[in-house]
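Heavy-atom basis, side chains included; hydrogens, waters and symmetry copies ignored.
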Amino acid sequence: MIFLQGLYEGIINGSILALIAMGIALVWGVMNILSFSQGEFLMLGMFISYYANKLLGLDPILAMPISAGIMFCVGILIYKTVIARALKGPILSQRLITFALSMVLVYTAQLCFGPEYKGLQNPVIFKGSINLGFVIIAKEKLVPFVLALIVAGLMFWFLRYTRMGKSIQATSMDRYAASLVGIDPDRAYTIAFGMASAVAGAAGCALTYYYYTFPNVGATYQLWGFIAVAMGGFGSITGAFLSGLIMGIADTLTGLYINTAIKYIGICVVFLVTISFRPKGIFGK
Amino acid sequence: MKKLLCAILTLAMMFSLVACGGNNAANTGANAGADAGADTGSDAAVDTIKIGVLSPLTGNSAQLGNQVVEMFQLMADIINEEHPELSMTMAATAGIPSMGGAQIELVVADHKSDATTAVSEAKRLITEENVVAITGEFTSAQIKAVAVVTEQYGIPLLGSGSAVTLTDGTNDWEWFLRHGVTDQTYIKDTFDYMAYLNEEFDAGIKTIALISEDSEFGANIYPIEEKLAAEYGFEVVENIKYTSGVTNLTAEVMKVKKADPDALLMASGVVSDALLFFSTCKEQQYTPNYVLGQRGAFIQSDFLAAMGEDANYMCTSGSWAADIDKSTIKEMIDLWANSEYNSTGIALLDSHVKDVMLLQYLAMALDQAGTSEPEALREALLNPEYDMDGLLIEWAGIEFNEYGQNTKSNGVITQRVDGAYKTVYPGAGASIEPVYPIPEWDY
């Protein structure tokens, strides 16, 4: 029973990492930029969820489309004003611009919302646990898992079957060739960055069910998001999703059966082994 | 349009710069009050005495750090203005009497809960701001970093970090003094309390689980707990170390739940870790039989606020409790509740008082020394001639050993009941009977 519980919890814990990683993978895959601010977009999503709950009494699941919409617009704004210009500069500036942006967002959040830990104040729909005998299912932790599945599915569908998705894929393969066939690369980048921000915004809402909101919360998840992206293969949405889940399982089972003090070593060993056999990641090309 | 968007974003960035410099704004606020007082001071040569206050104003412990600074501002006002109605030491007169009523000026700096930043800020406070002493809110690890600087410049450093290694002779420090108790004492109090629960209240505590973060804080605590568990005859059924700042504590909770100890001893300094641990307990439909915290998150207001009613019946070691029968404590509670500095409206906790008392003590020493010259100040700090009844904490006295440790300090165990910590041990000072075990939570 404890193994099943551990396995289940690992998948659930990994789903938030998967959500972060999918956003990073999208930005990297399309624009070749490592988005250090993805964790902070998650943080902003959490604050939107927190205040929607506090001020409007909204459940985080109802705040999710609002947060995703707001973060999509924020993403576009940031792309147009900061990222698009950095793309014209040296490669190092392109890489570091989102790092600087993350610092700006953390301190702005601290000034606007305060540094304290905030938990949801009004009743939520998904609360409590269901004891099935062989496994206990926490309702609030099901939300990020289901969301991760939906986001992965939607992204897959969008990139493969829609005109805009195909434009984004074409731009990611060869920006100049894409523009020769009438695709506007700038538009594709804008949509991709907005989508990545929206995913983080929705993930932030899901996270508020069981995690506390504070300005530095993004950093906690960001590093593991990067590892998931590297393990899954830079730019691969499917790889990022699966790696997030694998990392969650490795984390929980290492803690449970070896030692909690070294559970992150479990994740890193899985990562090292993967990279040893597949240097470009599971789905890397 | 793009230019307009650029302008908006630039404004946002400037806004965040203001946030980064927010501590400095707080700093000038504190100084402004002091400076205003200084203008009316009688001795122009020593009209202000600068005290460096290092505190985490941003980062993971920002909530506590900002509250501590607000309390320092209140205490500076108490010292700088005349309050004959108060029984607190240094309150009756305005400023430092032996120095012509010189005013205390706080110079606040943000160490961001980071030892490297703490070092650079300590250097800045000493070399650029000319502070005569440094105090504030520090962990033991940060004290170790800052002490290197204060030793180099010969400036007193007062902090309430509790690691035994700060004052056991491991470090050859001249300028660091610790008034409060060490982890050894806090943890011994915890074990004495469990023995007391068994003897007086038939609690039947036989098994314990230890859970500690992997920082210096946790690493100092669990070896003492292991040693004392063997001495007191408690069986340690789990000894869990976890990485601070985690994304989940699922495996940790599952292990504790499986072992189901009679008491859980927790050393967690980071609020989000402690919150995550107990929320995971609830998800797993597990109520620990008893929780004994080693201060850290347990004496931080955002942990208690976020836990709500589930914090009830948790215990923590500490130096101070609001229900201790002492006039200075009652005065401070009242002053703080009505203070303009109390921006969050929170009640006083051990975490605030153990720090702010250090400013009161520094003012006392300055008055005794009659100068802010470092050697004389250190001498006065080491050999106080003041009556200790006027301090904010009820200790047997202040008497330092050769390593700068006050040997007369003592701790208490408190249990949270009806939303407030109440003293349950030592029995003579207890205001309530202990509740054991914790009533089952609603899942």
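- More than 12 heavy atoms of other residues, nucleotides or ligands lie within 6.0 Å of CD in Gln121(A), so this atom counts as buried by the packing criterion.
- Of the listed residues Met254(B), Lys255(B), Glu283(B), Lys282(B), the one with more heavy-atom pairs under 4.5 angstrom with chain A than any other is Glu283(B).
- With values rounded to the nearest 0.5 angstrom, Thr250(B) atom OG1 is found 9.0 Å from Gln5(A) atom CD.
- Interface remark: Ser279(B) contributes side-chain atoms only to the contact with chain A (heavy atom separation under 4.5 Å).
- From Thr260(A), atom OG1 reaches atom CG of Asp214(B) across 9.5 Å, with rounding to the nearest 0.5 Å.
- Contacts of Lys118(A) with chain B are absent, with no heavy-atom separation under 4.5 Å from either backbone or side chain.
- Within residues 200-213 of chain A, the residues having any heavy atom under 4.5 Å from a heavy atom of chain B are, by residue number, Tyr210(A), Tyr211(A), Tyr212(A).
- If you measure heavy-atom distances from Asn248(B) to chain A, the contacts under 4.5 Å come from both the backbone and the side chain.
- Although no hydrogens or angles enter the test, the distance criterion places no donor-acceptor pair under 3.5 Å between the side chain of Thr220(A) and the main chain of Thr247(B).
- In terms of non-hydrogen atom pairs under 4.5 Å with chain B, the most contact-rich of Glu9(A), Glu116(A), Lys139(A) is Glu116(A).
- Pro115(A) is not listed as a side-chain neighbour of Thr58(B), based on a closest heavy-atom distance of 4.5 Å or more.
- Comparing Thr280(B), Leu276(B), Asp442(B) by heavy-atom pairs within less than 4.5 Å of chain A, the highest count is held by Leu276(B).
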(request) Determine, step by step, whether Phe214(A) and Asp302(B) satisfy the side chain to side chain contact (heavy atoms under 4.5 Å, CB included) criterion, reporting the C-alpha distance in whole Å, the side-chain angles of both residues, the deciding distance to 0.1 Å, and the verdict. (result) CA-CA 11 Å; Phe214(A) 56 102; Asp302(B) 36 1; over 6 Å; no

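- In terms of heavy-atom pairs under 4.5 Å with chain A, the best-connected choice from Val271(B), Thr344(B), Thr243(B) is Val271(B).
- At a heavy-atom cut-off of under 4.5 Å, chain B is reached by Tyr221(A), Trp224(A) from residues 221-231 of chain A, listed in order of number.
- Note that CD of Gln300(B) is 7.5 Å distant from OH of Tyr117(A), once rounded to the nearest 0.5 Å.
- Shown here is Tyr257(A), whose OH atom has more than 12 heavy atoms of other residues, nucleotides or ligands within 6.0 Å.
- Contacts between Glu140(A) and chain B at a heavy-atom distance below 4.5 Å involve the side chain alone, from C-beta outward.
- Residue Ile136(A) comes nearest to Lys257(B) through the heavy atom pair CD1-NZ, 3.2 Å, listed as atom of the first residue, atom of the second, then distance.
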